[in-house]
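The sequence lines fix the lettering, A, B, ..., with proteins before strands; numbering per chain opens at 1.
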Amino acid sequence: MDPRRALAGHAPDVAVLLLGATVTSTAGGERVALRLTEVEAYGGVGEDPGSHAHRGRTTRNAAMFGPPGHAYVYFTYGMHWCLNVVTEDAGQAGAVLLRAGEVVAGLDVARDRRPAAARDRDLARGPARLAAALAVTGVLDGIDLLATDGPLALSLPTVPASDVVVTARTGVGGAGASTSWRFHLDGEPTVSPYRPARPRRLPASGSG
DNA sequence: CGCACGATTTGCT
DNA sequence: GCAAATCGTGCGA
């Protein structure tokens, strides 16, 4: 099947397809490859309160509205980058956040980029760690992940992953938390530890 | 123009 | 287990 067409589906469906896929990075001058073990889906305008695209197109989330199979890279908490694969046809928003992976090539390079990692399983365990291991930064926002000559290349697994586990999303509060759009491979040591969404203070302090 | 906050990680207790 | 680190983005005025 044409990978571009496969990625044009609804984000949660595409998320499952991405488990077991390989992401190869030559950004930063050296090669590191990952096998994806954990992903999380985000929806479009008005569909998903936890999504960056929920309130419509902005400068930051523009890539989410672009063609499928491209990268959406954003910066958060003043220090971290996160990498997404854009889903849905152009004009419609959707993305899959790459949350964790197993390093399958360039182990020494990944260790160098992630000095804080105590073990190899921690090298790409968590979305910002994954981005760091692959040397992903904002300059890669919007690039085509299906191009073989670019700094990032995505190749879908030939056989769909079995042993897929579905859970609620991490770090998403409000109504979005109830959406079970987080997927990971069962028994994978590289899967990031589940952390419930940070409780939000009520907007109106009111009676009390 | 100013303010509040975030799809997180790390280090210390 | 908890709080700090750190700044671009989005939105209101």
Student: Establish, with yes or no, whether the OP1 or OP2 oxygen of dT9(B) is under 4.0 angstrom from a side-chain nitrogen or oxygen of R125(A).
Tutor: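 R125(A) to dT9(B) OP1/OP2: no side-chain N or O under 4.0 Å.
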Student: Starting at CG of L123(A) and ending at P of dT9(B), how long is that distance when rounded to a whole Å?
Tutor: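 To the nearest whole Å, that distance equals 13 Å.
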Student: Charged N to carboxylate O under 4.0 angstrom, D122(A) versus R125(A)?
Tutor: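 Counted as a salt bridge, because a side-chain N and a carboxylate O are separated by less than 4.0 Å.
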Student: Find the distance between CG (L154(A)) and CG (L98(A)) and round it off to the nearest 0.5 Å.
Tutor: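 Here the rounded value is 8.0 Å.
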Student: Taking the side chain from D163(A) and the backbone from D186(A), do they hold a donor-acceptor pair closer than 3.5 Å?
Tutor: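 Such a contact is absent between D163(A) side chain and D186(A) backbone.
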Student: In whole angstroms, how far is the P atom of dT8(B) from the CZ atom of R169(A)?
Tutor: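 From R169(A) CZ to dT8(B) P: 11 Å.
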Student: Distance-only criterion, 3.5 Å: show the donor-acceptor pairs between side-chain atoms of residues 79-96 of chain A and protein atoms not counting sequence neighbours.
Tutor:
from	atom 1	to	atom 2	distance (Å)
N84(A)	OD1	L97(A)	N	3.4
N84(A)	ND2	Y72(A)	O	3.1
E88(A)	OE2	A11(A)	N	3.3

Student: Would you mind reading off the distance between L97(A) atom CG and dT8(B) atom P, rounded to a whole angstrom?
Tutor: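 Distance, rounded to whole Å: 7 Å.
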Student: Would you compute the distance between atom CZ of F183(A) and atom CG of L36(A) and round it to the nearest 0.5 angstrom?
Tutor: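 One gets 14.0 Å once the value is rounded to the nearest 0.5 Å.
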Student: Are the aromatic ring centres of H52(A) and Y42(A) under 6.0 angstrom apart?
Tutor: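 That pair fails the under 6.0 Å test.
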Student: What pairs of donor and acceptor atoms, side-chain ones from residues 23-33 of chain A against any protein atom, are under 3.5 angstrom apart with sequence neighbours left out?
Tutor:
from	atom 1	to	atom 2	distance (Å)
S25(A)	OG	A27(A)	N	3.2
S25(A)	OG	L134(A)	O	2.6

Student: Got a sec? Which of residues 104-114 of chain A come in under 4.0 Å of DNA chain B, heavy atoms?
Tutor: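 Nucleic-acid contacts, sorted: R114(A).
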Student: In B/S/- notation, 5' to 3', how is nucleotides 4-11 of chain C contacted by protein heavy atoms closer than 4.0 Å?
Tutor: -BBB-SSS
Student: Could you tell me the separation between the CZ atom of R182(A) and the P atom of dA7(B), rounded to a whole number of Å?
Tutor: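 Whole-Å distance recorded here is 16 Å.
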Student: Among residues two or more places apart or on two chains, list those pairs meeting ring-ring contact (aromatic ring centres under 6.0 Å, His included) that have a residue in residues 145-164 of chain A.
Tutor: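 ring-ring contact (aromatic ring centres under 6.0 Å, His included) check on residues 145-164 of chain A returns no pairs.
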Student: Determine, step by step, whether E40(A) and H184(A) satisfy the side-chain hydrogen bond (donor to acceptor under 3.5 Å, both in side chains) criterion, reporting the C-alpha distance in whole Å, the side-chain angles of both residues, the deciding distance to 0.1 Å, and the verdict.
Tutor: CA-CA 9 Å; E40(A) 203 164 76; H184(A) 65 88; over 6 Å; no
Student: Mind running salt bridge (charged side-chain N to carboxylate O under 4.0 Å, His left out) on R111(A) and D120(A) for me, showing each step along the way?
Tutor: CA-CA 7 Å; R111(A) 285 175 182 150; D120(A) 287 345; 2.7 Å; yes
Student: Minimum heavy-atom separation for A63(A) and A71(A), please, with both atom names.
Tutor: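 Shortest heavy-atom contact: CB-O, 3.6 Å.
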Student: Starting from Watson-Crick (N1-N3 plus N6-O4 or O6-N4) and G-U wobble pairs under 3.5 Å, report the runs of at least three that DNA chain C belongs to.
Tutor: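 As far as DNA chain C goes, consecutive pairing (with distances under 3.5 Å) yields the stems B:1-6 with C:7-12, B:8-12 with C:1-5.
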